[in-house]
K.L.:
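To start, I am sharing the structure in question, which I have written as structure tokens.
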Amino acid sequence: MSQRIVIISNYYPPEMGAAANRIKNLAEGLQQKGNEITVICPLPNYPKGKIFKKYSNKFCVEEFVNTIKIKRYWIFPSKSKNVFVRLISMLSFAWSLWFSVFSFLRRKPDIFIINSPPLLVALSGLLLSKLLKRKTILNVSDIWPLSALDLGVIKRGFFYSFFKKVEKTNYKLADKIIGQSEETIIHINNIVEKSFLVYRNTPKLKEYTPKEKSKNTIKIVYAGLLGYAQGILSICKELNFKDLDAELHIYGSGMEEEDIIEITKNQDKNIYFHGTKTATEIKEEIRKYDVGFVPLRNEIYGAFPSKIFELAQLGIPILYIGGGEAAKVIIEKSIGFVSKPDDFQTLKENILAFKNMANSDFNILVNNSIKMHKEEFHLSFQLNKFNQFIISK
């Protein structure tokens with residue numbers, strides 16, 4: 001049965017990053033199942049912290065992208081590390097999205113899918129849905145403020161306590177809750193009793209032919225945000241890839257971009273920066289390399305980087321820095337190697353293990369990755385679960 005679904009998200013293309021792509025895939029997937037989809041999001045500004053030129057000096061832009069209605073509202077954009085400034089940015093969109101209520105008064109949606117974090121945007125969306133007396137699904141991609149605490153971007157104190165209260169309120173207001181990992185569901189289930197679903201941020205099902213390992217220097221690729229959470233800058237400072245007979249190729253943009261570019265000017269480190277590519281272009285670029293880098297600066301409870309699924313689709317073995325559920329899957333599925341954040345010695349050993357690996361062993365990792373993608377971690381499989389979950393009572 002067709003449903004009128006409104007998705008509220010702080011990120012959406014043309015913005016880059018896992019969050020924007022995840023919501024785009026979700027919106028398009030639910031539409032393909034016969035649902036009528038409207039997306040409410042801010043004017044594009046991420047990750048630069050500036051409104052994109054096409055949308056500047058506007059309060060609201062309504063457009064259709066792939067026949068999905070997108071309503072973009074004003075936001076005070078920021079990429080500041082200051083908690084207060086980030087709070088103002090969150091509040092700005094949390095306020096402006098309420099201007100969408102007028103369009104829903106005569107023709108109410110059946111379901112709201114509200115993405116969190118940011119917590120205040122999620123709270124605002126939940127209150128809007130309650131005003132309209134509609135069914136609400138809360139889609140939790142990261143456990144805030146715990147993730148912020150793990151990253152060191154917030155400390156225990158007033159802001160942490162405030163966000164903990166908002167987090168609990170959001171869980172209570174939601175009718176059902178979706179999490180990106182089993183750890184996320186366990187965390188929320190300790191706070192409230194709801195109907196839960198684990199929904200992975202996976203790419204569309206597509207089979208790539210297995211690729212061969214490079215004959216000489218091992219080529220490692222990182223494609224994504226260049227921010228504090230990823231820790232690429234500290235890795236570039238600590239490791240000399242040339243000494244390991246390896247190369248690190250970086251694609252992306254973010255707060256640490258300029259510092260990383262400065263390091264790449266030192267040709268003795270074998271680190272190369274290639275700027276940004278479109279979602280389609282980057283997949284073809286990644287296929288040129290041997291190993292995909294998925295780093296986290298800190299172990300973040302509940303985190304499961306979507307890059308793992310994207311690399312598995314491409315048949316690229318993984319070099320993962322982190323812990324938790326993601327590390328467990330990589331080890332159990334035998335699709336790469338794992339080290340802890342700041343354990344640069346083990347990271348070096350893992351790079352050398354890839355470097356010295358026999359082609360037959362490398363091919364096993366490649367085939368395991370492709371198999372994992374085909375059997376479970378692809379969009380159609382996840383969307384079938386999602387669609388059944390949101391329409392069930």
K.L.:
Pick from Ile8, Leu173, Val121: which one makes a side chain to side chain contact (heavy atoms under 4.5 Å, CB included) with Leu126?
P.N.:
Leu173
K.L.:
What is the minimum heavy-atom distance between Leu226 and Tyr222, and which atoms define it?
P.N.:
CD2-CE2, 3.6 Å
K.L.:
Decide side-chain contact (heavy atoms from CB on, under 4.5 Å) for Arg4 and Ile37; before the verdict, give the C-alpha distance in whole Å, the side-chain angles of both, and the deciding distance to 0.1 Å.
P.N.:
CA-CA 6 Å; Arg4 290 193 298 275; Ile37 308 297; over 6 Å; no
K.L.:
Run the salt bridge (Lys or Arg N to Asp or Glu O under 4.0 Å) check on Arg287 and Glu284 step by step: do they pass?
P.N.:
CA-CA 5 Å; Arg287 286 277 292 173; Glu284 294 305 317; over 6 Å; no
K.L.:
Applying side-chain contact (heavy atoms from CB on, under 4.5 Å) to Ile7 and Thr38, what does each step give before you reach the verdict?
P.N.:
CA-CA 6 Å; Ile7 300 175; Thr38 299; over 6 Å; no
K.L.:
Any chance you could measure Ile137, atom CD1, to Ile177, atom CD1, to the nearest 0.5 Å?
P.N.:
9.5 Å
K.L.:
Does the side chain of Asn66 pick up a donor-acceptor pair with the side chain of Gln31 at under 3.5 Å?
P.N.:
no
K.L.:
Is Arg72 salt-bridged to Glu63, cutoff N-O under 4.0 Å?
P.N.:
yes
K.L.:
How about Phe337 and Phe354: are their ring centroids closer than 6.0 Å?
P.N.:
yes
K.L.:
Just list the side-chain donor-acceptor pairs under 3.5 Å for residues 149-166, sequence neighbours left out, or say none.
P.N.:
unit_1	atom_1	unit_2	atom_2	d
Asp150	OD2	Tyr301	N	3.2
Ser161	OG	Gly157	O	3.0
Lys164	NZ	Glu167	OE1	3.3

K.L.:
Do the side-chain N and O atoms of Asn35 and Ser2 include a donor-acceptor pair separated by under 3.5 angstrom?
P.N.:
no
K.L.:
If you count heavy atoms of other groups shown closer than 6.0 angstrom to NZ of Lys108, is the number above 12?
P.N.:
yes
K.L.:
Taking atom types as modelled, is there a side-chain donor on Ser103 or Ser100 under 3.5 Å from an acceptor on the other?
P.N.:
no
K.L.:
Do Asn384 and Lys33 meet the criterion of a side-chain donor-acceptor pair at a distance under 3.5 Å?
P.N.:
yes
K.L.:
Under 30°, 30 to 60°, or over 60°: which ring-plane class applies to Trp74 and Phe59, parallel, tilted or perpendicular?
P.N.:
parallel
K.L.:
Tell me whether the count of non-hydrogen atoms from other residues, nucleotides or ligands lying under 6.0 Å of CG in Asn57 goes above 12.
P.N.:
no
K.L.:
Which atom pairs, donor and acceptor, lie under 3.5 Å between side-chain atoms of residues 303-312 and protein residues at least two apart or in another chain?
P.N.:
unit_1	atom_1	unit_2	atom_2	d
Ser306	OG	Asn201	ND2	3.3

K.L.:
Lys130 vs Asp175, test: salt bridge (Lys or Arg N to Asp or Glu O under 4.0 Å). Steps then yes/no.
P.N.:
CA-CA 10 Å; Lys130 292 301 177 184; Asp175 294 308; 3.5 Å; yes
K.L.:
Mind checking what makes side chain to side chain donor-acceptor pair (under 3.5 Å) contact with Thr217, not counting sequence neighbours?
P.N.:
Asp245
K.L.:
Tell me if the NZ atom of Lys176 is crowded by more than 12 foreign heavy atoms within 6.0 Å.
P.N.:
yes
K.L.:
Applying salt bridge (charged side-chain N to carboxylate O under 4.0 Å, His left out), which residue pairs with at least one partner in residues 179-202 are found, sequence neighbours left out?
P.N.:
Arg200-Glu325
K.L.:
Using salt bridge (charged side-chain N to carboxylate O under 4.0 Å, His left out) as the criterion, list what pairs up with Glu332, not counting sequence neighbours.
P.N.:
none
K.L.:
Run Glu376 and Lys385 through salt bridge (Lys or Arg N to Asp or Glu O under 4.0 Å) and show every step you take.
P.N.:
CA-CA 11 Å; Glu376 182 178 356; Lys385 294 193 304 179; 5.4 Å; no
K.L.:
Does the pair Lys265/Glu262 count as a salt bridge with the N-to-O cut at 4.0 Å?
P.N.:
yes
K.L.:
Give me the atom names and distance for the closest heavy-atom approach of Ser334 to Asn368.
P.N.:
O-ND2, 2.9 Å
K.L.:
If you look at every heavy atom in Pro14 and Pro44, which pair is closest and at what distance?
P.N.:
CD-CG, 3.8 Å
K.L.:
So, using salt bridge (charged side-chain N to carboxylate O under 4.0 Å, His left out) as the criterion, who are the partners of Arg22 when residues are at least two apart?
P.N.:
none
K.L.:
Would you sort out whether Val192 and Ile188 count as a side-chain contact (heavy atoms from CB on, under 4.5 Å), showing the intermediate values?
P.N.:
CA-CA 6 Å; Val192 295; Ile188 301 173; 3.9 Å; yes
K.L.:
Can you list the steps and then say if His378 with Lys206 is a side-chain contact (heavy atoms from CB on, under 4.5 Å)?
P.N.:
CA-CA 8 Å; His378 61 81; Lys206 183 175 180 179; over 6 Å; no
